[in-house]
2 protein chains.
Amino acid sequence: MGDAQGCGTQEGARVSRVRSRQTQRERSDATVDDLVRAARALFAEDGYAATSLEAICDRAGVSKGALYHHFSSKRDVFRVVYEREQEHLSEVVRGAAAKEAERPWEAVFEGCRAFLEASLDPQVQRITQLDAPGALGWEGMRELSGNCLELTRLGVARAVESGAIPARPVDPLTFLLYGALGESALAIARAKDQPAALAETVAELRTLFDALARG
Amino acid sequence: MGDAQGCGTQEGARVSRVRSRQTQRERSDATVDDLVRAARALFAEDGYAATSLEAICDRAGVSKGALYHHFSSKRDVFRVVYEREQEHLSEVVRGAAAKEAERPWEAVFEGCRAFLEASLDPQVQRITQLDAPGALGWEGMRELSGNCLELTRLGVARAVESGAIPARPVDPLTFLLYGALGESALAIARAKDQPAALAETVAELRTLFDALARG
DNA sequence: GGAAAAACATACTGACAGTATGTAAAGTAC
DNA sequence: GTACTTTACATACTGTCAGTATGTTTTTCC
């Protein structure tokens, strides 16, 4: 102790541990939030395997006892971090799709574009694309509600129902699209000329959407 | 010892350790092969994180000293397993594409279908789709030669050059396709009716290929 | 046949996920 | 407000495992 004082509440920074005169709920929520912020910062920077729970606890300014009081395992901590990440991505996608509410297929396109752009961040990629599959497994990734895959499925379903694209089963196109975007984001982020790579990919996506709309 | 005898050389099974009267090259190759086989079996069944090097050594019938003589780390062992898996997938894809050698775009389609079908195996998925990204990272996955991504890129390039599909930059479509197939394979393998899901996805892929060919 | 190097094997170390147990703060009943 | 319970932590420990250090056996090559 002694170096765990001060410093406000900025993104993932070490946090004050003075929590007297609070309701239990407030204490718990604040502790969980500190832990998740710290975990997100370290998972994003160093990756899941290279991040120790002790490092997370140090950064959050709490003990391992506190962590294990609120989480059941390292995997559980990551699950919550992943959920938050998905919720954030979902909001971005929803916002973009909302601008084309009357044209369902265009809404999907704008959602895809937004997902792609938001997924260019190496930290987001580390969590959602690189570490999540191994740490959570496919089932673990999908058993949380309100994620981007569900949004995509919903968008495709609406496009089919409205007749914006020819009738077809929804799932195959959903997964094809979702996988295409994830891998593309990884590739674009590693490209020499990143803006050009993004523009080319969006253009290709545009071609693809137009082609699918024509049947 | 005592239980490490007999039993031939079937897939990943424990292997005899009697290696007298051999050239060093033969000894090394055999040991490496035993280790890689054992590692592939355990990684595929239990996953990367849940597989210990000691378990791999036990199964291969060698010591940790032997493993570290031939590999530099656990990650290095996985890298070689991943490479073998990619080589196998590549052969399958190449074989399928060869049947449509005169129609470049059809060759890509058949290659994709073959890749998809070969990637339905949960053990293949565990290694190539779930664990590889986290264990090797994006760069680590791509710095090996002769993999499926390169095949896809080559196929798309030929399709463009031959005029089978409209001119476009090769990389975006390559990554879109590659990602689409990987995610789809994961989804199909978890579907209730797996053959139906595969058929639907292949049909969707067919639609997509036709649409792209028309421009 | 003997030195050198390759191919192992064995014993150990440090890091870390998870557990067991103890303590202080908040909630609850009276 | 006091006694009791529960929640929210903290500390100390354990088992496992990746990686290392060092020793031994087997080939190679002169």
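Lettering follows sequence order; numbering is per chain, from 1.
Atom OH of A/Tyr68 and atom P of D/dC13 are 18 Å apart (whole Å). Across the protein-nucleic acid pair, A/Asp58 atom CG and C/dC16 atom C1' stand 13 Å apart, rounded to whole Å. Taking atom CG of B/Leu67 as the reference point, atom P of D/dC17 lies 15 Å away to the nearest angstrom. Rounded to whole Å, the distance from CG on B/Leu35 to P on C/dA9 is 9 Å. For B/Phe71 and D/dT20, the CZ to P distance is 16 Å, given to the nearest whole Å. The CG atom of A/Leu53 sits 19 Å away from the P atom of D/dG15 (whole-angstrom rounding). Nucleotide D/dG23 holds its P atom 18 Å from the NE2 atom of B/His69, rounded to whole Å.
Taking only side-chain nitrogens and oxygens, A/His70 comes nearer than 4.0 Å to OP1 or OP2 of D/dC9. Here A/Ser73 does not reach the OP1 or OP2 of C/dA17: none of its side-chain N or O atoms lies under 4.0 Å away.
Within the 4.5 Å cutoff, no side-chain heavy atoms of A/Val160 are placed close to those of A/Leu173.
The base of C/dG18 sits with one of its N or O atoms less than 3.5 Å from a complementary donor or acceptor on the side chain of A/Lys64.
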Using residues 118-125 of chain B as the side-chain source, report each donor-acceptor pair under 3.5 Å to any protein atom, sequence neighbours left out, with the distance given to one decimal.
residue: B/Ser119; atom: OG; partner: B/Phe115; partner atom: O; Å: 2.8
residue: B/Asp121; atom: OD1; partner: B/Gln123; partner atom: N; Å: 2.9
residue: B/Gln123; atom: OE1; partner: B/Arg40; partner atom: NH2; Å: 3.2
residue: B/Gln123; atom: NE2; partner: B/Glu45; partner atom: OE1; Å: 2.6
residue: B/Gln125; atom: OE1; partner: B/Arg190; partner atom: NH1; Å: 2.6
residue: B/Gln125; atom: NE2; partner: B/Ser119; partner atom: O; Å: 2.9
residue: B/Gln125; atom: NE2; partner: B/Ala185; partner atom: O; Å: 2.8

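B/Tyr82 meets the ring pair (Phe, Tyr, Trp, His ring centres under 6.0 Å) test with no other residue; sequence neighbours excluded.
Between D/dA18, D/dA8, C/dA7, one nucleotide has an atom nearer to the side chain of B/Ser28 than all others, and that is C/dA7. With C/dG18, D/dT11, C/dG27 as the choices, the nucleotide that has an atom nearest any side-chain atom of A/Thr23 turns out to be C/dG27.
Residue contacts for B/Thr51: at a heavy-atom cut-off of 4.0 Å it reaches the sugar-phosphate backbone alone, with no base atom in range.
The aromatic rings of A/Phe43 and A/Tyr48 sit tilted relative to each other, their planes meeting at an angle between 30° and 60°.
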